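One structure below.
Throughout, protein chains are lettered first and strands after them, A, B, ... in sequence-line order, and every chain is numbered starting at 1. Quick caveat, the model's predicted, so the values are computed rather than measured.
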Amino acid sequence: MPTLQFSSLSEFLQMGGVYTFHIWTVYLLFAIFIGYNLIQPRMARQQFIREQKRRAARDAELATKPRES
Amino acid sequence: MWLWFSKLGSPRWFYELSSKWLPWLYAAMIVLMAIGLFWALLIVPEDYQQGQTIRIMYVHVPVASISLACFPLMAVAGTITLVWKMKLADMVAKSVAPIGAWFTGLALASGAIWGDQIWGTWWAWDARLTSLLIQFFLFIGVIALRSAIESQDAAAKACAVLAIVGAINVPIIKYSVEWWNTLHQPASSFSIDPVAPNPPEVWVPLLIMISAVYVFFVIALILRTRNEILQRERRSQWVIDLVSKEKSV
Amino acid sequence: MKPHRRKKLGIIIFIAAGLSTAIGLSLYALSNNIDLFFTPTQVAAGEVTPGQRIRVGGMVKEGSVEHSQEILEVSFVTTDYNHDVLIKYAGILPDLFREGQGIVAEGAMSADGTFVASRVLAKHDENYMSVEVKAALDAAGTTPGMPQGVLQ
């Protein structure tokens, strides 16, 4: 039966002491990697929608405005 | 079959279908990632040689193995672009490149951190490490090439050619540990026997992490491809309608 | 498939196959330079000139590790089970260094046939298992074979 390898939170964070920094750095990089690749496309999409809305509004304004000559 | 093929090539069709897929993919990713991380960080027992450092493997191996899938995928998409001129294929090819660079970069970084602890050096110019570094630069090269060529069609063709040529590096990376002597260890063969090297308690969580990262890869690729579709089809009516339905942000 | 598409696909496959062959052949030709280290057998065959900076890789022979009392120097024999190389090294050894472990040493052969290392790296094999499983295997006397990586 699988058992937990650590009996307390501090023991878990320590990861056996010697390897703490190496192990947690890898998992931190993994979190950044996942986060960036999910959030960046969502922000790019919102940016695109914003731009297109602005363009549509400007086009609509140009279309209704009587031409000055 | 040909109808299906040309339908699949329609960006709008892909956009609408992927909208239905995404919630399921997110759900699958969260479940797999939660189980995989919990198992890898808390349940996997200490290794007899490397102790707790074995936990690095549960990030390094999934990321590195999926990084090897990116170039073949880009090469297939490139071939479709060159031969059938399918629009969607080039959008996928363009979206894979930065994701592949991220995967390869993290594979290199996590490997270097592990090596610093276990080998006593974070880098060695052995065949495995060097060929993976070359793959990283190839991804950067593909991205740079695309941004350097103004014409979208010409850029698509040039990147397709580079992707096909660059894919030759993938078997070299994979078999480098067998063809030459390297600092990097060869691939492990997994055992079903619980009392043997590489027993299930080691590889079952690894398999879960690989599936979790695979689902993540598919999500990241779909998100980027969808953005690319919107960008390139921004003048068509369905995108204009879609934008007008979106809430202002 | 339309003829012009078949022709294009043919050209792509032809170029890819040609490039693969060219790269494959050059890698084969460069094989010795791509190898990270020399094996003790290669050293014994005289492929190494003394004084030249190289790497030697093999297993640390059981019972061969000797720590010097006065200075921080260690000597050990590395082997590929055909030939041995005696290595002298003054410096910090990696955590994984021990008898029976694969290692890669950087340095040069001296005239008397010992290898003077300036750095020693540990190789990790492809076997992962818990302390308990390892103990059970040792008790049953079915310890896995030595890592093949160093013997190539």
Side-chain angles (χ1 to χ4, degrees), chain B residues 44-51 53-54 57 75 78-79 82-85 114-121 124-131 160-161 164-165 167-169 171-172 176-191 193-199 201-203 206, chain C residues 1-2 4-9 11-13 15-16 19-20 23-24 27-28 31-32 34-39 55 57 92-98 101-104 106 119-137 140 142-144 147-152:
Chain B
V44 169
E46 264 188 73
D47 185 80
Y48 84 104
Q49 293 186 88
Q50 49 171 321
T53 313
I54 192 173
M57 178 174 82
T79 308
L82 290 178
V83 178
W84 289 277
K85 296 196 170 65
W114 184 86
D116 184 53
Q117 183 69 57
I118 300 300
W119 293 333
T121 184
W125 293 102
D126 85 345
R128 170 58 73 86
L129 275 62
T130 308
S131 55
V161 172
I164 293 164
V165 173
I168 297 169
N169 190 34
I172 297 174
S176 54
V177 287
E178 291 173 26
W179 292 342
W180 301 289
N181 65 43
T182 54
L183 189 57
H184 194 287
Q185 60 269 40
S188 305
S189 50
F190 297 127
S191 165
D193 186 353
V195 186
N198 313 314
E201 63 178 0
V202 169
W203 61 258
L206 182 62
Chain C
M1 208 185 288
K2 286 179 189 159
H4 74 279
R5 289 190 173 150
R6 186 177 307 155
K7 195 176 153 201
K8 258 191 194 169
L9 191 60
I11 294 171
I12 292 170
I13 291 169
I15 292 173
L19 266 171
S20 309
I23 291 170
L27 286 177
Y28 183 74
S31 208
N32 271 330
I34 296 170
D35 279 333
L36 186 72
F37 51 82
F38 289 90
T39 61
R55 293 185 204 89
I92 301 157
L93 290 163
D95 292 357
L96 222 59
F97 181 90
R98 64 209 154 144
Q101 183 72 33
I103 59 102
V104 175
E106 244 176 69
R119 191 150 77 138
V120 172
L121 307 176
K123 256 179 80 88
H124 195 287
D125 60 30
E126 67 278 31
N127 294 320
Y128 311 91
M129 61 189 129
S130 65
V131 185
E132 291 79 19
V133 170
K134 172 69 176 165
L137 283 176
T142 48
T143 317
Q148 292 154 355
V150 274
L151 296 178
Q152 284 162 3

Out of [options], which one racks up the most heavy-atom pairs below 4.5 Å with chain C?
options                               : value
B:Thr130, B:Ile172, B:Thr121          : B:Thr121
B:Val165, B:Val83, B:Val161, B:Val202 : B:Val83
B:Trp203, B:Trp125, B:Trp114          : B:Trp114

Atom group of [X] that falls short of 4.5 Å from chain C, counting heavy atoms:
X        : answer
B:Pro194 : backbone
B:Ile54  : side chain
B:Ala196 : backbone
B:Leu82  : both
B:Leu183 : both
B:Val195 : both
B:Ala187 : backbone

So which part of [X] gets closer than 4.5 Å to some heavy atom of chain B, the side chain, the backbone, both or neither?
X        : value
C:Leu9   : both
C:Leu19  : both
C:Arg6   : neither
C:Arg119 : side chain
C:Leu93  : neither

Could you tell me whether the side chain of B:Asn181 and the main chain of C:Leu36 form a donor-acceptor pair under 3.5 Å? yes

I'd like to know if the side chain of C:Lys134 and the backbone of B:Asp47 have a donor-acceptor N/O pair within less than 3.5 Å.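 Not a single qualifying donor-acceptor pair exists.
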
Contact check, side chains of [X] and [Y], non-hydrogen atoms, under 4.5 Å:
X        : Y        : answer
C:Tyr128 : B:Gln50  : yes
B:Pro199 : B:Ser191 : no
B:Gln49  : C:Gln101 : yes
C:Leu96  : C:Ile103 : no
B:Trp180 : C:Leu27  : yes

Minimum heavy-atom distance B:Thr182-B:Arg128, with the two atoms named: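 That closest heavy-atom pairing would be CG2-N, 4.1 Å.
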
Which heavy atom of C:Leu137 sits nearest to which heavy atom of B:Pro197, and what is that distance? CD1-CD, 3.9 Å

Taking atom types as modelled and ignoring hydrogens, do the side chains of B:Glu201 and C:Ser130 form a donor-acceptor contact shorter than 3.5 angstrom?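 Yes, side-chain donor-acceptor contact under 3.5 Å.
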
Which one, C:Val133, C:Asp35, C:Ile12, C:Ile15, leads in non-hydrogen pairs under 4.5 Å with chain B?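 Greatest number of close heavy-atom pairs with chain B: C:Asp35.
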
